[in-house]
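Here the structure comes first, spelled out in structure tokens, and everything after it is commentary.
Within every chain, numbering begins at 1; the chains are lettered A, B, ... in the order of the sequence lines, protein sequences first and strands thereafter.
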Amino acid sequence: MISKAEEIPNRFDFATEAPRLLDAWESHGCFQADPNPQKTPFTIVIPPPNVTGALHLGHALNNTLQDILIRWHRMQGHESLWIPGTDHAGIATQAVVERRLKELENKTRHDLGRESLVQRIWEWKDQYEARILQQLKRMGCSCDWRRTRFTLDPMCARAVRTTFFDLFRKGWIYRGKRLVNWDTFLQTAVSDDEVFHETIKGHFWHLRYPILDSRPGDPDFAVVATTRPETMLGDTAVAVHPEPAKALDLVEADLQAKLAGASAKDRPALELQLQELQQRRENLLPNLIKLADMAKRGVQLRLPLANREIPLICDPWAKPELGSGCVKITPAHDPNDYEVGLRCQLPMLNILHPNGTLNENAGAYAGLTIAKARNKVVADLETQGFLVQVEDREIDLAHSDRSKTPIEPYLADQWFVRMDRLAQMAMDAVERGRVKIVPERYARGYLDWLSEKRDWPVGRQLWWGHQISIWSKPFNSRESCEAAQHAIERWPEFAQGKIACSIEEPHLLHVCVRDEDEPIQGKLEKEEFVRQEDVLDTWFSSALWPHSTLGWPEPTPELKYFYPTSTLITSRDIITLWVARMVLMGLNNVGEVPFREVFIHPKILDGFGETMSKSKGNGVDPIDIIDRFGPDALRFGLAWLTTETQDVRMPVQYECPHCQALIAQSKENRQLARIHCEKCGEAFSTQWAESEEDKALLRGAVVSERFEVARNFCNKLWNASRFVLMNLEGFQAGSVPSSDLRLEDRWILSRLASLTRNVTESLRHYRYAEAARELYEFSWDQFCSYYVEMAKPRLANPEHRATVQRVLAHTLDVTLRLLHPVIPFVTEAIWQHLNQIAPQRSIRESESPEPEPWLIRATWPTAHLQDIDEAIERQFAMFTSVVGAVREVRARQGVAPRELIRFVVQCSDDMAMLLKDMGPFFSSLANAQCLEAGQHAPLPALRAHVALGQADVFVDLSGLVDVDAEISRNEKLLENLTKQIQSKQNKLNNENFVSRAPADVVAKERDSLHELAHQKSAAEEVLAQLRSSKGV
RNA sequence: GGGCGAAUAGCUCAGUUGGUUAGAGCGCUACUCUUACAAAGUAGAUGUCGGGGGUUCGAGUCCCUCUUCGCCCACCA
């Protein structure tokens, strides 16, 4: 530790200081929180980052905002707990590891087997978890690291099994058929978010299915159209709308309504649609009506190629306004058809093997791949005369994000959680204000999504995750199944509440086991029960996060004290997936909401307005920013950007490791593994480097200029503090009697009180940017630019020195406290220095000394509202504008900074008194001297004039004048003033304005007009005088 | 298709309940190494507040509409 202020370097060395401070905080247990009845708890659980990869700036933002709250509440005397951890992220992590396995060893997961693959994923997890935690630490996140959790660790696993068992016993877990997105290449189901759509050129095949028993006058075939002809082998019906005429009427009415309100531009397109509809009415409708009647009669069709009989049915899914008006129904291979199948109780005929070839249900086509089957089916249909027409058509085809192959909808068994009751609880919690979502508008999406109460498919055909704890056994009959159930219900474990049973139609017995209990599992396996292979959706364990991390289902002291947590801070895209599910699981398991408030923060976008993601290659490692700008700059920069409405756009650059040149990241270069510097021509690697050759190159960091503001701010604070420290020699602690306080002291204390109040208020409402801006402006524009500058002459004056020292130390003290949650490192470092030189910095008798040697544990300041003094602030503003006026004239006249400027101020006597006191500051702030001030102060012969509302500043230009510059400036000013006066006069001459606007607004306008007139006459006078001096 | 949000200086963004001539940072220009800080200081230039209507004495701000962009949800025989 440096003891002499003079030895403090003029840059904060965050590279060595930050790790030192982190160690100190940690070794003093500053991040730890434990149940403490003396204190109010404040709790946040981290949104656990996925162990798929390292954190990017979006995470940095999320975690910075959390740490700011945590540190702020800690200073407010709350028992402030931040629980860290990571998420196993089922599909995503397994896919990453599988892809590497394929790339590096050319193996699939089946080559390795379940156990061995899971082992590999654990290794991956260990590596990335360590990296993620390290990133968080370097950002200064003050998590209680002792409590670090992982969604697959034993504590979370226990919570998961207990929850699953509870839901099972309540009858809210069931198994049903569901269409999944099947990746035939990887032979796994993928979630909706892992599917991307790509428009490809395809065809629309119109097929003709013969009607078996049509009566005379009835059509003897139905035409259907499809983009996937091979699926016709799995058709189990053809549907037609039950009331095609009515349906068409509705569509037409809708179109007419649109047309009525349409702009001229949209009209033609709508009119065309209407025409087509009319034609359709003429050409197709009679046929459709007949078909609908036939369907109601129970007519059968013959499915070509398969030679099966399938029914013609009525279902509103068949839209008369589309295609042929009839639609083939393939329940096992199309989501909508599946719904129709359920409604109409159609058979579900699966024609696919998991590997994407056709199965025995496809008859002669069994064994073919989908592509081959398609060709053959089309060819056969054509030769047999069932193909009516082939259209070219662009199709939006679903592809798997993993394998890039087309997705096949595939009917699979799936576990579900019944959502009706759970969703209702979660809706009530938000509607009744037990959980408050900020900004409020996000509550809408939450409620809309929950109100659908769609059952939650929780099974995943994966190996990485919580394996479902259900053992199942098929029986031959209902009777034998029930007998087995009764037998199991006589086991002691049943009475002990450790197992539960359910029967799936027709006679499959499921046994759910609560704990990881080997004897029970052994018993079940002996009875030939087989464990379900599926693992749970990763969101299932995430949904328990706020209570599982606190030890639930054990009634731990932590759970009792810290639950419900205080605030959840997250990003808007997981409000439904995660936030809603945490609410309902918290209510179900603990009987209380998981958090009181949810703050949804903006998203960080790249320079092109796209979200940051690994796959796009536009992610930025916060460590790159920390290395270049420091952790405080990262944090302050992010807080500075966190406004309520705007996402954050962040153009980034590569930093050449050879010459430090910055190369803008473009859509072209953002995925390259290697880049050649535009300046020095040397090559460097990026985060995408995979090959040994690329990895051997130096890595170029990705940085953004947007953190410069923050870095500069930290530097400013550091140096201002250095100044204070260097000038505290002989510091004597003690209160300052108000009689000793001068204008500038009262002013800075007034500003400080406002700042304290405003920052506290901003943080309370999650207005981070506002807090950051207030702190920035106070520290820089008020404290540094004015108070510190004005302290300089006073420090040299023995009469004032002690008072100034105390106010300086006190103001810095409070500022550091207010800044600490945002920029913890630099403030703590300064605090440590300050403690050595001026350990006691209060200027009030009533305040007890701060007992804390560490800023991180110091007390959050209270705003001394009695210090706020508007009159003082007005006076001070007048002073600063006089300074500004003199500086302005100096710049305009090109007077060298060394040269003294003299000036006179015409103003009220009160103000003259004030300005007289400020004499020394004109010298130190503007190298100027106020010759006279007062109502009748004599004016210098040759002068420049600046009007300031309540005063007129006249700068003596004798000897230094650039008369022409002054004349042209005054001419311009005059022109401007004339314009403004004109506009004001117009306004005041407007009878409506004078009579309708509030009196104070009118009065203000009158004052302002008066003022402008005064300025105008002064300018005219100065101009005349300048002209005459030139002899013009 | 439904919902939400955004559009303000060259760039990135503020702008509280409508009320003088719309702000900040970066960048730009000029001048300063003045003993805390050149990552600084002083001064300066830069705007059809996306377009069009409307309400109002008065609109960046409120209403309608259009355009563009982003996000979420749904759907696409």
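- B:C64 and B:A9 have their C1' atoms separated by 29 Å, with the value rounded to a whole Å.
- RNA chain B forms stems at B:1-7 with B:67-73, B:10-13 with B:23-26, B:28-32 with B:40-44, B:50-54 with B:62-66, each a run of 3 or more consecutive Watson-Crick or G-U wobble pairs whose two key distances fall under 3.5 Å.
- With hydrogens and angles ignored, no donor-acceptor pair closer than 3.5 Å exists between the side chain of A:Glu777 and the base of B:A14.
- Rounded to the nearest Å, the gap between the C1' atom of B:U12 and that of B:G19 is 29 Å.
- No contact: A:Val224 has no heavy atom under 4.0 Å from any strand.
- For the pair A:Asp573 and A:Lys603, the salt-bridge criterion is met [side-chain N within less than 4.0 Å of a carboxylate O].
- Atom P of nucleotide B:C4 and atom CZ of A:Arg572 are separated by 14 Å, given to the nearest angstrom.
- Taking the side chain as every heavy atom from C-beta outward, A:His765 and A:Val438 never approach each other to under 4.5 Å.
- Contact between A:Ala237 and A:Leu346 at its shortest, heavy atoms only, is CB-CD1, 3.6 Å.
- If you check residues 881-888 of chain A against RNA chain B, the residues with a heavy atom closer than 4.0 Å are A:Arg887, listed by number.
- Here the P atom of nucleotide B:G70 and the CD1 atom of A:Ile600 are 22 Å apart, to the nearest Å.
- Between A:Gln929 and A:Leu900 the shortest heavy-atom distance is OE1-CD2, 3.7 Å.
- OP1 and OP2 of B:C37 both lie 4.0 Å or more from every side-chain N or O belonging to A:Asn712.
- Separating the CE atom of A:Met790 from the P atom of B:U34 is a distance of 22 Å, rounded to the nearest angstrom.
- Between A:Glu770 and A:Arg773 there is no salt bridge, since no side-chain nitrogen of the basic residue lies less than 4.0 Å from a carboxylate oxygen of the acidic one.
- The nearest whole Å value for the distance from the CG atom in A:Asn715 to the C1' atom in B:A40 is 9 Å.
- When the P atom is compared between B:U46 and B:U65, the two are found 37 Å apart, to the nearest whole Å.
- Phosphate contact (OP1/OP2 of B:A74, side-chain N/O of A:Arg454, threshold under 4.0 Å): present.
- The C1' atoms of B:U17 and B:G58 are separated by 16 Å, rounded to the nearest whole Å.
- In the set B:C33, B:C26, B:C37, B:C26 carries the atom at the smallest distance from any side-chain atom of A:Glu708.
- In this structure, the nucleotide among B:C37, B:A36, B:G3 sitting nearest to the side chain of A:Arg444 is B:G3.
- Relative ring orientation between A:His833 and A:Trp718 is described as perpendicular, the plane-to-plane angle rising above 60° on a 0-90° scale split at 30° and 60°.
- Where A:Phe629 and A:Phe204 each meet RNA chain B at their nearest nucleotide, the meeting point lying more 5' is that of A:Phe629.
- For the C1' atoms, the distance from B:C4 to B:A74 is 15 Å, rounded to whole Å.
- Rounded to whole Å, the P atom of B:U34 lies 48 Å from the corresponding atom of B:G51.
- A:Pro793 approaches A:Glu789 most closely through the heavy-atom pair CD-O, 3.4 Å.
- Protein atom CZ of A:Phe921 is 22 Å distant from nucleotide atom P of B:U34, rounded to whole Å.
- The phosphate of B:G41 has OP1 or OP2 within less than 4.0 Å of a side-chain N or O from A:Lys716.
- Residue A:Asp781 contributes atom CG, which lies 13 Å from atom C1' of B:G23 at whole-angstrom precision.
- Considering only the side chain of A:Pro897, B:U32 comes nearest among B:A39, B:G25, B:U32.
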- Query: After noting the C-alpha distance and the side-chain angles of A:Glu408 and A:His333, does the key distance pass the side chain to side chain donor-acceptor pair (under 3.5 Å) rule?
  - Reply: CA-CA 7 Å; A:Glu408 293 300 328; A:His333 297 284; 5.7 Å; no
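- A:Leu634 contributes atom CG, which lies 6.5 Å from atom CG of A:Leu57 (distance to the nearest 0.5 angstrom).
- At a threshold of 4.0 angstrom between heavy atoms, the contacts of A:Cys714 with the nucleic acid are absent.
- Between the P atoms of B:G15 and B:G50, the separation comes to 14 Å (whole Å).
- Considering only side-chain atoms of A:Arg706, the nucleotide from B:U12, B:A36, B:G5 that sits closest is B:U12.
- Of the C1' atoms belonging to B:G27 and B:C13, the separation is 14 Å, rounded to the nearest Å.
- Atoms CG (A:Leu450) and P (B:C73) sit 14 Å apart, rounded to a whole Å.
- Rounded to whole angstrom, the span from the CG atom of A:Asp448 across to the C1' atom of B:C71 amounts to 16 Å.
- The side chain of A:Lys792 lies closest to B:A36, out of B:C71, B:A36, B:G3.
- In this model, a side-chain donor or acceptor of A:Arg11 finds a partner on the base of B:A39 within 3.5 Å.
- Note on A:Trp780: only backbone sugar-phosphate atoms sit closer than 4.0 angstrom, heavy atoms only; bases stay farther off.
- Listed candidates were B:G25, B:A36, B:C72. Nearest to the side chain of A:Val788 is B:A36.
- Residue A:Glu452 is classed as having no contact, given no heavy-atom separation below 4.0 Å to the nucleic acid.
- Residue A:Asn10 places its side chain closer to B:C37 than to any other of B:C71, B:C37, B:C33.
- Between the CD atom of A:Glu774 and the OG atom of A:Ser779 there is a distance of 10.5 Å, given to the nearest 0.5 Å.
- Nearest nucleotide to the A:Arg711 side chain, out of B:C4, B:A74, B:A39: B:A39.
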